[in-house]
Colleague: 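My questions all concern the structure below.
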There are 2 protein chains.
Amino acid sequence: MQNPILNHIQKFINLEPSEIDLLESCLAISQIKRKEHVLQEGQICNTMYFIVKGCMRQYIINSKGTEQTLQFGVENWWITDYLSYHNHIPSHFYIQAVETSDVIAIEKSVLDSILIQIPKLEKYFRIVAQKAFGAAQMRIKFLFTMSAEERYNHFKNQQPDFVQRVPQYMLASYLDFSAEFMSKIRAGKV
Amino acid sequence: MQNPILNHIQKFINLEPSEIDLLESCLAISQIKRKEHVLQEGQICNTMYFIVKGCMRQYIINSKGTEQTLQFGVENWWITDYLSYHNHIPSHFYIQAVETSDVIAIEKSVLDSILIQIPKLEKYFRIVAQKAFGAAQMRIKFLFTMSAEERYNHFKNQQPDFVQRVPQYMLASYLDFSAEFMSKIRAGKV
DNA sequence: GTAATTTCTTGAAGTAGTTCAAGTTTTTGA
DNA sequence: TCAAAAACTTGAACTACTTCAAGAAATTAC
C-alpha cells in the first residue's frame with residue numbers, strides 16, 4: 001500500500017513511476033501523540049505537515065492566557081506556518097495534535113530538493129496554497145457577516161461530524177466566541 | 001521599459017530571455033477606473049489581476065446593505081477569488097478599483113497555457129499563494145486578539161501611508177468595526 | 001468654480017457578546 | 001477501575017462595540 005500523500009498529489013497532477021519511487025523513498029509517516037506540539041510560538045517553522053490521519057490545529061495564546069484556535073487540519077490537509085517557513089522568522093503560532101495523528105513531516109531542505117527533482121510538484125503545491133487562501137477568504141467573510149450563533153450553525157451544517165470530534169472550547173475559539181457562549185448556544189439559551 | 005510584472009516574477013525565479021519575450025507578448029496592462037468592478041458577486045471569476053499601479057479591493061455587501069472590505073491589493077499584489085477561479089463556482093465577492101489602477105488581467109485559459117510553456121512559473125505562483133495564505137493567517141490572529149483601537153493603531157504603524165490612501169469607512173470595515181467607531185477612535189473619544 | 005456627491009463626525013440608546021466564579025459532567029490514563 | 005484531569009454548564013454583572021439620525025466637511029466632476 002502506497003504512501004497516502006501520493007493519492008492526494010495525483011488528484012492534481014500525474015506522476016511517473018520513477019517520481020512515485022522517489023517520493024516513497026523520501027516521505028515517511030510519523031505519529032504525533034494527542035496534545036504533542038510540532039511547533040511552538042517563537043520557533044522558526046521549517047517543516048510542512050501533511051495529515052494522513054487524525055486532527056491537528058494551529059493556535060495562539062491570547063493576552064488573557066486563553067488558547068484561540070486559528071485553523072484545524074484533518075485528513076489530506078497541509079498544516080504549517082507559511083510566513084515563518086518562507087521568511088525564516090519566529091512563528092506566532094503553536095501547532096499541536098488534537099487527536100493522536102499520523103503525519104508526513106517534510107523539512108524545507110528536503111522539500112526544496114524534491115521540488116528541484118520533480119518540478120511538476122510545484123503545480124500541486126500552488127493549487128493547494130491557492131485553495132487554502134480561497135478558504136481563508138471565505139472564513140473571514142463568515143467571521144465578518146454572521147453572528148456567533150449563525151457561525152456555529154453554519155459550521156455544524158457544513159461539518160456535522162467534525163463538531164463531535166474536537167472539544168467545544170476549541171471550536172468556540174475557532175468561531176471567535178467564548179466557550180461559555182458556546183454552551184449557551186447549544187442549550188438554546190441565547 | 002519592460003512589463004512591471006517581470007520584475008516581480010524575477011524576485012522569485014530566473015527567466016530566460018525567450019521566456020521574457022513570451023510573457024511580454026501575452027501580458028498587457030489595462031486601466032481600471034476608480035469604482036469600476038472587475039468582479040461582481042455571483043459571477044464566476046476566471047481572471048487573476050496583478051496590480052501594477054493603484055489600489056483594488058475585494059468586498060462583500062452584508063445583510064444590512066453595508067460594504068465590508070475583506071482585502072486590499074496595492075502595487076505588486078495579485079487579487080482574485082481563488083475559490084471561484086479553481087472550482088468554477090459563483091463568487092461571493094466584488095472586486096473593485098479603489099483608485100484608478102493599472103492592472104495585468106490574465107484569464108485562466110491564457111495562464112494555464114503560459115504555465116505549460118513556462119513550468120517554472122508554477123514556483124512563482126506557489127510562493128505568492130503561500131505567502132498570501134500566511135498573511136491571511138496573521139490577519140485572523142489580529143482580528144481575534146486585538147481590540148478595535150489596537151487593530152487600528154497596529155495597522156497605522158505598519159502601513160502609515162496606506163491609511164491616508166483609502167476612505168476611512170473602507171479601512172474600518174477591513175479592520176472589522178463600524179465607520180462611526182473609526183471616527184471616535186481617531187478623535188480619541190473611546 | 002461650484003453643485004453634487006461622498007465621506008466624516010457626534011452623541012444617545014441599545015445589544016451581542018464577555019467575564020467571573022462555582023458547580024457538574026465527562027474523559028483519560030495508570 | 002477509579003482518581004485525576006479536562007471539559008462543560010449556568011446565571012449575574014459588565015463592556016466594547018453597533019445603530020441611528022442628522023449635520024458638517026471634504027472631494028469629485030462637469
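By convention in this document, chain letters (A, B, ...) are assigned in the order of the sequence lines, proteins followed by strands, and residues within each chain are numbered from 1.
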Colleague: Take the protein atom CD of A:Gln164 and the nucleotide atom P of C:dT26, then report the distance between them rounded to whole Å.
Modeller: 14 Å

Colleague: Looking only at side-chain N and O atoms, does A:Ser91 offer a donor or acceptor that is under 3.5 Å from a partner on A:Asp81?
Modeller: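 A donor-acceptor contact under 3.5 Å links the two side chains.
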
Colleague: Check this for me, if you would: do A:Glu99 and A:Arg34 make a salt bridge, where the nitrogen-to-carboxylate-oxygen distance has to be below 4.0 angstrom?
Modeller: no

Colleague: May I have the distance from A:Glu67 (atom CD) to D:dA7 (atom P), rounded to whole angstrom?
Modeller: 8 Å

Colleague: Ignoring the backbone of A:Ser183, work out which of D:dT10, C:dC8, C:dT6 is nearest its side chain.
Modeller: D:dT10

Colleague: B:Lys35 NZ to C:dT5 P: how many Å, rounded?
Modeller: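 So the two atoms are 11 Å apart, to the nearest Å.
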
Colleague: Between A:Met170 and B:Arg34, which residue's closest nucleotide on DNA chain D lies nearer the 5′ terminus?
Modeller: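 Its nearest nucleotide being more 5', the pick is A:Met170.
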
Colleague: Using a strict cut-off of less than 4.0 Å between a Lys/Arg side-chain nitrogen and an Asp/Glu carboxylate oxygen, indicate whether B:Lys108 and B:Asp112 qualify as a salt bridge.
Modeller: yes

Colleague: Has B:Ser101 got a side-chain atom pairing as donor or acceptor with B:Ile32's backbone, closer than 3.5 angstrom?
Modeller: no

Colleague: Rounded to the Å, how far apart are B:Tyr169 OH and D:dT27 C1'?
Modeller: 12 Å

Colleague: Rounded to whole angstrom units, what separation is found between the CZ atom of A:Arg165 and the P atom of D:dA7?
Modeller: 16 Å

Colleague: Restricting to nitrogen or oxygen on both sides, can you table the protein-nucleotides 15-24 of chain C pairs closer than 3.5 Å?
Modeller:
from   : atom 1 : to       : atom 2 : distance (Å)
C:dG17 : OP1    : A:Ala148 : N      : 3.1
C:dT18 : OP1    : A:Ser178 : N      : 2.9
C:dT18 : OP2    : A:Ser178 : N      : 3.1
C:dT18 : OP2    : A:Ser178 : OG     : 2.9
C:dT19 : OP1    : A:Lys64  : NZ     : 2.6

Colleague: Between atom CD1 in A:Ile185 and atom P in D:dT9, what is the gap in whole Å?
Modeller: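 For the pair A:Ile185 CD1 and D:dT9 P, the rounded distance is 12 Å.
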
Colleague: Do you know which of B:Tyr85, B:Trp78, B:Phe12 makes ring pair (Phe, Tyr, Trp, His ring centres under 6.0 Å) with B:Phe125?
Modeller: B:Trp78

Colleague: Please determine, for the side chain of B:Ala187, which listed nucleotide (C:dT7, C:dT10, D:dT10) has the closest atom?
Modeller: C:dT10

Colleague: Is A:Gln168 close enough to D:dA7 that one of its side-chain N or O atoms is under 4.0 Å from OP1 or OP2 there?
Modeller: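 It does not, given that no N or O in the side chain of A:Gln168 lies less than 4.0 Å from OP1 or OP2 of D:dA7.
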
Colleague: Among the clusters formed by ILVMFWY side chains lying less than 4.5 Å apart, do A:Ile95 and A:Leu70 turn up in the same one?
Modeller: no

